[in-house]
J.: 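One structure, as structure tokens, below. Some questions next.
So you know, we letter chains A, B, ... as the sequences are listed, proteins then strands, and number each from 1.
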2 protein chains.
Amino acid sequence: MGGRDGPGSRPTMKDVALLAGVALKTVSRVVNEEPGVNPATAVRVREAIERLGYRRNEGARLLRSGRTASIGLVIEDVGDPFYSGLFRAVEDVARRHGSLVFAGSSGEDPVRERELVLAFCARRVDGLVVVPAGEDHAYLGPELAAGMGVVFADRPAGNLAADTVLVDNRGGARAGTAHLISYGHRRIAWLGDSPAIFTAAERLRGYRTALAEAGLPYDPCLVASGATTTEAARAALDRMSALADPPTAIFTGNGRATIAALRALGPRRYALAGFDDFEPADLLGVTVVAQDPVRLGHTAAGLLFARLAGDRDAPREIVLPTRLIPRGSAERPPA
Amino acid sequence: MGGRDGPGSRPTMKDVALLAGVALKTVSRVVNEEPGVNPATAVRVREAIERLGYRRNEGARLLRSGRTASIGLVIEDVGDPFYSGLFRAVEDVARRHGSLVFAGSSGEDPVRERELVLAFCARRVDGLVVVPAGEDHAYLGPELAAGMGVVFADRPAGNLAADTVLVDNRGGARAGTAHLISYGHRRIAWLGDSPAIFTAAERLRGYRTALAEAGLPYDPCLVASGATTTEAARAALDRMSALADPPTAIFTGNGRATIAALRALGPRRYALAGFDDFEPADLLGVTVVAQDPVRLGHTAAGLLFARLAGDRDAPREIVLPTRLIPRGSAERPPA
DNA sequence: GGAGGCGCAGACAACGTTGTCACCGGCTTG
DNA sequence: CAAGCCGGTGACAACGTTGTCTGCGCCTCC
């Protein structure tokens, strides 16, 4: 069928025009469904398009018209359930607006984040949703000035005024910790990510607030930052168990830490609550402080497309609530 | 309508050239690090680039040079753990080749799949990795002929000869079912996706093969297709429990079905094995037949980039093995 | 001391598309 | 009957980049 063109060369409007015996511009009109084309001519053009397997070159089109109908999404890891939920939500909104989504994983590396963002910018995405890993986003200034939409999700940007959607990390961690305290626990361990990560730091702050509000001391011996692997969690728990005054409960700072802690706990019977809901947490009976990645993504993408639609208001900051879901693992007194 | 953005659009090479007092082409040379530019001139150009916040317009560049350094990925759901693992692997390989990834969810809808694929093609992605939902991919013929790389993953294409990476669904399901049989079970229920989905059909076939090999009859009353939600699983199990000769074990056809079954089981004590490993399956002690989405993605992307590098061999089909991971839920005789 | 080379820089034409404007025949209007 | 108008069409110049070719000094080599 058709293709006598060598590989690599696709038919263009010119080819279609030639085959249909019309001018280039007429093909353009047909493709864009512009009015003012004789129906009979249009039919001939459409036949030629079909015959050649012509597909409009969006790149060339957008070179003229500015918008690319695509957005970029930078998250920590496209494979992580939390972020992939966010991605799904962003995709839904983008789709509703006729946009495609470039997505990339920063892996918590500010350099990689910047590379990704700039690669997206070079492709002239209309907007970006970024879960920032870095602390300085001044480099996005020119893009913002040029009319590109930028929304930060989950964590705030550094040195840049832009829309931001956050989660009430501090309040959630405080509520989770207070929940454990309400069952009589007075020695509560913390396992979570490094406080270099914004959300981890905020949650740790919430944990400390809850302790303070209950008149409990903050004991650094009970805090394991960076304990998000089974091995690290096991080491931390071993160390804490050996203390003169060991913990009776654990609060974990994110989903990975929760799973790591569960694996590491083994036979030990500690009360447990964790930040982040995860798929079969209900089956495991794990009490969690749930955040809603889908809502986070919807909100962020919503803000983005509002900007792209012309919203010129001052940058907004939206903070989404968390929800405590008791499932049993926390609802017992110290042994 | 609105049109051009208020505070000026982005600077181009022309603007940079003007500011640096050189010709357009010289800027191009500096940007592309082509040899033959006086170092002093290059410095002046780079300064101008910095001053203006210039970023090369990749769209225009690729209009000339053909390749877009981006690939498209169509999966069922970017938020699903299995597919997001695949995505992550594809991203890794793409990154190593300097490519970005457009990703989209087909949601098992052939129409949406086609829309996505064509949208990617319109943006002239260099290649595609597709988990097909539809059954006819002849529409990709022109793209393939034009030199675009296409690799199908997880399921085969219809009416198109292209590279394909599959998983040994039949063998895995057969092994899982045989594992249950080896513990003395003779009435084994099947809960899974609709057999309209290729992988589900294959796995059901594997289940039947294992039964036949053990001389056990195939009983349609024990098969629940489409039981991947908790409600559907509960209904199916209620129905089967009420049989004169109820099942003593369950084989589930994918991760969602496994979780649904676990939720639906409640107090009932059936032996259980399932297709697909999932994050905390070890914590739940669930025996699974594991496939490796990361390997699937790596392999598919590897094939794709081999094509893009010039591989002109006949289309390959690669079948990846599965692995039975006993964790206790299956390793007990009938009650 | 003319021919040729080298290092550097610019002019110009693509790439595939869309926006602008001009054209042409036939039809309505005054 | 002239002056318009209108539906349908096409020529041409952008968009921002890169490939090709040419131009200009200046140095080297017989």
J.: Check for a donor-acceptor pair, side chain of B:Asp77 on one end and backbone N or O of B:Gly107 on the other, with a separation under 3.5 Å.
T.: no

J.: For A:Glu34, does the CD atom have more than 12 heavy-atom neighbours from other residues, nucleotides or ligands under 6.0 Å away?
T.: yes

J.: Does anything in residues 27-40 of chain A reach DNA chain D, meaning a heavy atom under 4.0 Å, and if so which residues?
T.: A:Arg29, A:Gly36, A:Val37, A:Asn38

J.: Could you check whether A:Arg124 pairs with A:Glu58 (Lys NZ or Arg NE/NH1/NH2 to Asp/Glu carboxylate O, under 4.0 Å)?
T.: no

J.: Among residues 16-26 of chain A, which contact DNA chain D at a heavy-atom distance under 4.0 Å?
T.: A:Val22, A:Ala23, A:Lys25, A:Thr26

J.: Can you pull out how bent the helix from C:dG1-D:dC30 to C:dG30-D:dC1 is, comparing the axes over its first five and last five pairs, to 10°?
T.: 50°

J.: Main chain of A:Ala60, side chain of A:Arg64: is a donor-acceptor contact present, judged purely on distance under 3.5 Å?
T.: no

J.: Nearest-Å distance, CZ (A:Arg61) to P (C:dT17)?
T.: 11 Å

J.: With distance as the sole test, does A:Thr164 use its side chain to make a donor-acceptor pair with the main-chain N or O of A:Ala162 at under 3.5 Å?
T.: yes

J.: Specify the separation, in whole Å, of atom CZ of B:Arg123 and atom P of C:dG16.
T.: 18 Å

J.: If you check every side-chain atom of B:Met13, which of D:dG16, D:dT18, C:dG16 has the closest atom?
T.: D:dT18

J.: To the nearest angstrom, how far is B:Glu58 atom CD from D:dC15 atom P?
T.: 20 Å

J.: Using whole Å, what does the distance between atom C1' of nucleotide C:dG16 and atom CD1 of A:Ile49 come to?
T.: 14 Å

J.: For A:Arg64 and D:dC15, give me the distance from atom CZ to atom P, rounded to whole Å.
T.: 7 Å

J.: Whether the side chain of B:Ser99 engages the backbone of B:Arg95 through a donor-acceptor N/O pair (distance < 3.5 Å, no angle test) should be reported.
T.: no

J.: Under 3.5 Å, is there a donor-acceptor pair between the side chain of B:Asp126 and the main chain of B:Thr68?
T.: yes

J.: Under 4.0 Å between a side-chain nitrogen and a carboxylate oxygen: does that hold for A:Asp92 and A:Arg88?
T.: yes

J.: What residue among A:Leu116, A:Val129, A:Val131 forms side-chain contact (heavy atoms from CB on, under 4.5 Å) with A:Val74?
T.: A:Leu116

J.: Among C:dT18, D:dG16, D:dT18, which nucleotide sits nearest the side chain of B:Ala60?
T.: D:dG16

J.: Write down the distance between CZ (A:Arg67) and C1' (C:dT18), rounded to a whole number of angstrom.
T.: 17 Å

J.: Side chain of B:Arg10, backbone of A:Ala145: donor and acceptor closer than 3.5 Å?
T.: no

J.: Just by modelled atom types, is the A:Val78 backbone N or O under 3.5 Å from a matching donor or acceptor in the B:Glu91 side chain?
T.: no

J.: To the nearest Å, give me how far apart CG (A:Leu62) and P (C:dC15) are.
T.: 19 Å

J.: Could you state the atom-to-atom distance from OH of A:Tyr54 to P of C:dG16 in whole Å?
T.: 10 Å

J.: Does A:Thr12 put a side-chain nitrogen or oxygen below 4.0 Å from OP1 or OP2 of C:dC15?
T.: no

